[in-house]
Asker: 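Can you read through this structure? Questions will come right after.
Residue numbering restarts at 1 for every chain, and letters A, B, ... go by the order of the sequence lines.
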4 protein chains.
Amino acid sequence: MSDDKLLDAIIAQTKLTKKQTDKQQKIVETAIKLFAEKGYANTSTSEIAKAAMVAEGTIFRHYGTKDNLLLSVILPFIKDSIPTMAEEVFTEIMSKNVGCFEDFLRALLKNRLHFINENREIFQIVVKELLYNDELRKELLPFFADNILHRITKVINTYKDRGELIDIPSHTIQRMIFTLIGGYFVSRFVLQLDNCDIDEEAEIENLIRFIMDGLRKQ
Amino acid sequence: MSDDKLLDAIIAQTKLTKKQTDKQQKIVETAIKLFAEKGYANTSTSEIAKAAMVAEGTIFRHYGTKDNLLLSVILPFIKDSIPTMAEEVFTEIMSKNVGCFEDFLRALLKNRLHFINENREIFQIVVKELLYNDELRKELLPFFADNILHRITKVINTYKDRGELIDIPSHTIQRMIFTLIGGYFVSRFVLQLDNCDIDEEAEIENLIRFIMDGLRKQ
Amino acid sequence: MSDDKLLDAIIAQTKLTKKQTDKQQKIVETAIKLFAEKGYANTSTSEIAKAAMVAEGTIFRHYGTKDNLLLSVILPFIKDSIPTMAEEVFTEIMSKNVGCFEDFLRALLKNRLHFINENREIFQIVVKELLYNDELRKELLPFFADNILHRITKVINTYKDRGELIDIPSHTIQRMIFTLIGGYFVSRFVLQLDNCDIDEEAEIENLIRFIMDGLRKQ
Amino acid sequence: MSDDKLLDAIIAQTKLTKKQTDKQQKIVETAIKLFAEKGYANTSTSEIAKAAMVAEGTIFRHYGTKDNLLLSVILPFIKDSIPTMAEEVFTEIMSKNVGCFEDFLRALLKNRLHFINENREIFQIVVKELLYNDELRKELLPFFADNILHRITKVINTYKDRGELIDIPSHTIQRMIFTLIGGYFVSRFVLQLDNCDIDEEAEIENLIRFIMDGLRKQ
DNA sequence: GATGAATGAGTATTCATTCAT
DNA sequence: GATGAATGAATACTCATTCAT
C-alpha cells in the first residue's frame with residue numbers, strides 16, 4: 001500500500017519516544033507555532049532556532065533535516081487522528097448499536113471538533129502543507145483515504161441498510177459529508193473567517209440539520 | 001475598507017492593459033504553470049525565466065518584484081471572478097425572475113464550474129496562496145466576503161422571502177453552501193482526488209440534491 | 001569506455017568557450033592558486049570569492065557547484081595533456097623515424113617538463129586530487145591509461161622490435177618509466193623538495209642515463 | 001631542526017603508551033580505516049564515533065582534537081618506519097659486509113614491502129596527507145630526509161667506494177632510487193592500479209634489474 | 001572514563017533583485 | 001525592451017569542540 005512509508009515512520013517514531021530534551025520540546029513547540037503561522041516553506045530553521053532560544057545546530061542534531069522536523073511535528077497528530085477516530089469513535093458509537101445516523105454524526109463531529117480544537121496549530125500546518133507540499137500530499141492523502149474514508153463508508157452502508165439514508169452512492173455521500181465537515185474545520189481553524197462570537201452549539205446543530213435533511217430518506 | 005489596495009491594484013492593472021509584449025505573455029503563462037504546479041514559494045524567478053526562455057532581468061523589468069508577478073497572475077482572475085459573478089450571473093438569473101432556488105444553484109454551479117475549469121491553474125494558485133500567504137489572505141478574503149458572499153446573502157434572502165428555504169440565519173446558509181461548493185472545487189481541481197471518470201452531470205445533480213433537500217422547507 | 005563522462009565534459013567545455021567574463025577569469029585564477037596551495041577540500045568558496053574580490057554568488061552563477069569549478073580548472077589541463085602528448089610529441093618524434101629510444105625519452109621528458117612547468121599549479125591540483133578524491137581518480141585514471149600509457153606502450157614496442165630495449169614486458173617497462181618520470185615531476189613540482197639551485201639540464205641527463213643504463217658501473 | 005616537534009611528539013607518545021582503553025583501541029582502528037578510505041579532511045569525527053560505536057565526546061576526551069587523532073594514528077607508523085629501517089635493516093645488512101649493492105637493494109625492498117603491506121592503510125593516510133596537508137608535510141618531509149635519505153646516502157657512498165656504482169652525485173642516485181621504489185609503493189598501495197594478479201617476486205626482480213642496469217639491451 | 005546534548009562558526013548553494021550595456 | 005552578469009543576504013545543513021552529568 002502507498003502508506004507504508006508513513007506508517008513505518010509513525011511506528012519508528014513511537015518507538016523513539018525516549019526522553020525528549022527540554023530543548024527538543026522547545027524546538028517542536030516553536031516549530032509548530034511558526035509553521036502554523038507562516039507555513040513550512042516560509043519558516044527558516046534559523047528563525048526557529050532564534051525563537052526557541054536554541055543554537056541552530058541543536059535542531060539538526062535532533063531532527064537531521066527540516067523535512068524531518070516537519071514530520072516530527074505532524075506525525076503524532078496523524079497518529080492520533082486515525083486510530084482514535086477509527087477505534088474510539090467508530091467502534092464505540094457503532095458498538096452501542098443504538099442511535100440513528102444523526103447521533104453518529106453528532107458524536108463524530110463533536111469528537112473531531114474537540115481534537116482539532118486542542119491541536120489547531122498542527123491542524124493548520126497539515127492543511128496548508130497538504131495543499132502546498134506535493135510529497136506530503138502524495139503520502140498523506142492515500143493514508144487518510146485508506147483509514148478514515150474507508151470506515152466512514154462502512155458506517156454509511158450500515159445506516160443505508162437500515163433505510164435511514166437516501167440512495168446515492170456511499171462514496172458520494174461520504175465525500176459530501178467529508179467536504180462539509182472538513183470545510184467547516186478549515187474555514188474555522190485555518191482561514192479563521194469567524195466572527196469570534198459564534199454559538200458553537202447552534203452551529204453544529206445547523207450543520208447536522210443541513211446534512212441530515214439532505215440525506216434522510218423521506 | 002481593507003480591500004482598497006487590491007481594488008486599486010486591479011484598477012491600475014486594468015488601465016495598464018496596453019500592449020503586452022510577447023515576452024510578457026510568455027512570462028505570465030509560464031509563471032501560472034509553475035506557481036500552480038509547485039507553489040509560489042517553491043518557484044524561483046530564475047526557473048520561470050528559464051522555462052519562459054527569457055532573461056531573468058526581463059521579468060523584473062516588467063513586474064518589478066516576484067510578489068508583483070504573483071499579483072499580475074492572480075488579479076485578472078480575481079477581477080473576472082467577482083464582477084462576472086456579480087453582474088452577469090446574479091443579475092441575469094435573478095432578473096429573469098423565473099426559477100426556483102434550485103435553478104439558481106444549478107446556474108451558479110455550472111457557471112463557476114465552467115469558469116474555474118478554464119482557469120484551473122490560477123484557481124490552484126489562488127487557493128494554495130490563500131492558505132499559505134498571510135498578506136494575500138488578508139487582502140483577498142475580505143474582498144471575497146464583501147463582493148460575493150454579500151450578494152449570495154441577498155439572493156438567499158429573496159428565496160427565503162418566497163418561502164423556499166428553511167429558517168436558518170442567511171449567513172449560515174450561505175456559508176454552508178459556499179463550503180460545500182468551494183470544497184467540491186478544491187477537492188476536484190486542487191487536490192485532484194478524483195477517479196478521473198466522473199460523471200460530471202450526475203455529480204452536480206447529487207450535489208444540488210444534497211443541498212436542496214437539506215434546505216428546502218417542507 | 002569509462003572515460004566517456006570525462007570526454008563529454010571536455011567536449012562540452014570546449015564548445016562553451018564563449019567569452020569569459022573578467023570576474024570568471026579572476027575566479028578561475030584564484031581557485032587555481034588556492035586549490036594548489038591548500039587542496040580542494042580545504043578551500044572554501046567564500047575564501048575564493050574573497051580572494052578573487054567577487055561576490056560568492058558570482059562563483060555559483062558561473063560554475064554552479066564547487067565540484068564544477070574544480071572541473072573547470074582541471075579539464076583544460078587534461079585536455080591539453082593528452083592530445084598534445086599524443087599527437088604532437090609522439091607522432092612528431094616517431095614520424096621523424098630517426099633517433100634512438102634515448103632521443104625519444106629526451107624529447108618526451110623535455111616536452112612534458114615544459115608543459116608542467118607552465119602549469120605547475122594545476123599539476124599540483126591534479127596530483128593532489130588524484131590521491132584524495134575518489135570520484136576524480138575513478139574518472140581520470142582510466143582516461144590517462146587509455147590515452148597516454150597506451151601510446152607509450154606502442155612506442156616501446158617499436159623500439160623493442162628494433163632490438164634497442166631489454167626483454168621485459170612492455171607494460172612493466174612503461175610503468176617503470178612512468179613512475180620514474182612522474183615521480184620526478186611530483187617530487188619537484190608538488191612536494192618541492194628541491195634545493196632550488198638545480199642544474200636542470202644535468203638532472204635530465206642523469207635521469208635519462210639512469211633509465212637507459214641503470215646504476216651499475218660497467 | 002624542524003623535526004623537533006615531531007620527535008617530541010613521538011617521544012611523548014611513546015611514554016604515554018600506558019594502558020589504552022578498549023574504546024581508545026577501537027577509535028584508532030576505526031580512524032585508520034576511515035582516514036585511509038576517504039581522507040582525513042573528508043572524515044568527520046561523528047562518523048568515526050558512530051563507526052567505532054563510541055560517543056563523540058570520548059574521542060575528544062582521549063585525543064583532544066581531530067588533528068591530534070591523526071597524529072596518534074600516524075606517529076607509531078613513522079616511529080616504526082625510521083628507526084627500524086635505520087637500525088635493523090641498514091646496520092644488519094651492512095654489518096654482514098657481504099653482498100653487492102643489488103643484494104642490499106633487494107633486502108631493502110623486501111623489508112619495506114613487508115612493512116608497508118602490513119600497514120597499508122596507514123601508508124595510504126601518510127601519503128595522502130603528505131600531499132594534502134601543508135602542516136604535516138612541513139614536519140614529516142625534513143624528518144624523513146634527515147633520517148632515511150641520510151643513511152641511504154651513506155650506503156650508496158660505501159658501494160660507490162667499492163666501485164660498484166656509476167659516478168653520479170650520491171644524492172641524485174638516492175633520489176632516483178627513492179622515487180622509483182616510492183612510486184612503486186604508491187601506485188600499488190595507494191592508487192591501486194594493479195591487475196590483482198601480479199607476480200610479486202617477478203616484479204621486484206624487474207624493478208631491481210631496472211635500477212641496476214636500465215632498459216638498454218646490451 | 002564515558003556519555004551525548006549543546007554549541008556556533010562555517011559550508012555550499014539559492015535567490016530576488018540591480019544595473020550597465 | 002531585453003539582456004545577463006553581478007550581488008549579498010539568506011538557507012539548510014555540517015562539524016569540531018565543550019561540558020555537565
Asker: Can you see which heavy atom on A:Thr30 is nearest to which on A:Ala51, and at what distance?
Answerer: CG2-CB, 3.4 Å
Asker: Could you tell me the separation between the CZ atom of C:Phe60 and the P atom of F:dA9, rounded to a whole number of Å?
Answerer: 16 Å
Asker: If the test is side-chain contact (heavy atoms from CB on, under 4.5 Å), which one of C:Ile32, C:Leu69, C:Val126 qualifies with C:Ile74?
Answerer: C:Val126
Asker: Using only heavy-atom distances, determine whether the side chains of B:Glu56 and B:Thr45 contain a donor-acceptor pair under 3.5 Å.
Answerer: yes
Asker: Hey, which of A:Gln20, A:Gln24, A:Lys23 is the one that makes side chain to side chain donor-acceptor pair (under 3.5 Å) with A:His62?
Answerer: A:Gln24
Asker: Does atom NZ of A:Lys33 have more than 12 heavy-atom neighbours, drawn from other residues, nucleotides or ligands, at distances under 6.0 Å?
Answerer: no
Asker: Mind calculating the distance between CD1 (A:Ile27) and P (F:dC13) to the nearest angstrom?
Answerer: 14 Å
Asker: Which residue lies toward the 5' end of DNA chain F, D:Gly64 or C:Met53, if each is placed at its nearest nucleotide?
Answerer: C:Met53
Asker: D:Val54 or A:Ala55: which one's nearest nucleotide on DNA chain E is closer to the 5' end?
Answerer: D:Val54
Asker: Could you tell me the separation between the CD atom of D:Glu56 and the P atom of F:dT14, rounded to a whole number of Å?
Answerer: 13 Å
Asker: Let me have DNA chain E in dot-bracket notation, would you? Count Watson-Crick plus G-U wobble pairs, both distances under 3.5 Å, and use [ ] for pairs crossing earlier ones and | for inter-strand partners.
Answerer: .||||||||||||||||||||
Asker: Expressed as a whole number of angstroms, how long is the span from A:Asp22:CG to E:dT7:P?
Answerer: 11 Å
Asker: Base, sugar-phosphate, or nothing: which does C:Thr58 touch, judged by heavy atoms less than 4.0 Å apart?
Answerer: base
Asker: At under 4.0 Å, does any side-chain N or O of D:Lys66 touch on OP1 or OP2 of F:dA16?
Answerer: yes
Asker: For D:Glu47 and F:dC15, what is the distance between atoms CD and P respectively, to the nearest whole Å?
Answerer: 7 Å
Asker: For C:Ser44 and for A:Lys23, find the nucleotide of DNA chain E with the closest heavy atom, then tell me which residue's nucleotide is more 5'.
Answerer: A:Lys23
Asker: Please give me the minimum heavy-atom distance between C:Glu121 and C:Ala36, naming the atom from each residue.
Answerer: O-CB, 3.5 Å
Asker: Could you tell me whether C:Gln24 contacts a base, only the sugar-phosphate backbone, or nothing, with contacts defined as non-hydrogen atoms closer than 4.0 Å?
Answerer: nothing
Asker: Tell me: OH of A:Tyr63 to C1' of F:dT14, nearest whole Å?
Answerer: 19 Å
Asker: Calculate the interatomic distance between C:Leu70 atom CG and E:dT13 atom P; express it in whole Å.
Answerer: 12 Å
Asker: Using 4.0 Å as the upper bound for N to carboxylate O, is an ion pair formed by C:Arg137 and C:Glu129?
Answerer: no
Asker: Send over the distance from D:Ile59 CD1 to F:dC15 C1', rounded to a whole Å.
Answerer: 12 Å
Asker: Looking only at the side chains, is there a donor atom on one of C:Asp67 and C:Tyr40 sitting less than 3.5 Å from an acceptor on the other?
Answerer: yes
Asker: Please tell me if A:Thr21 has a side-chain N or O lying less than 4.0 Å from either OP1 or OP2 of E:dA6.
Answerer: yes
Asker: Could you check whether D:Thr45 gets within reach of a base, just the sugar-phosphate, or nothing at all, counting any heavy atom under 4.0 Å?
Answerer: base
Asker: Taking only side-chain N and O atoms of C:Arg61, does any of them lie within less than 4.0 angstrom of OP1 or OP2 on F:dA5?
Answerer: yes
Asker: Nearest to the side chain of B:His62, which nucleotide is it out of E:dA6, E:dT13, F:dG1?
Answerer: F:dG1
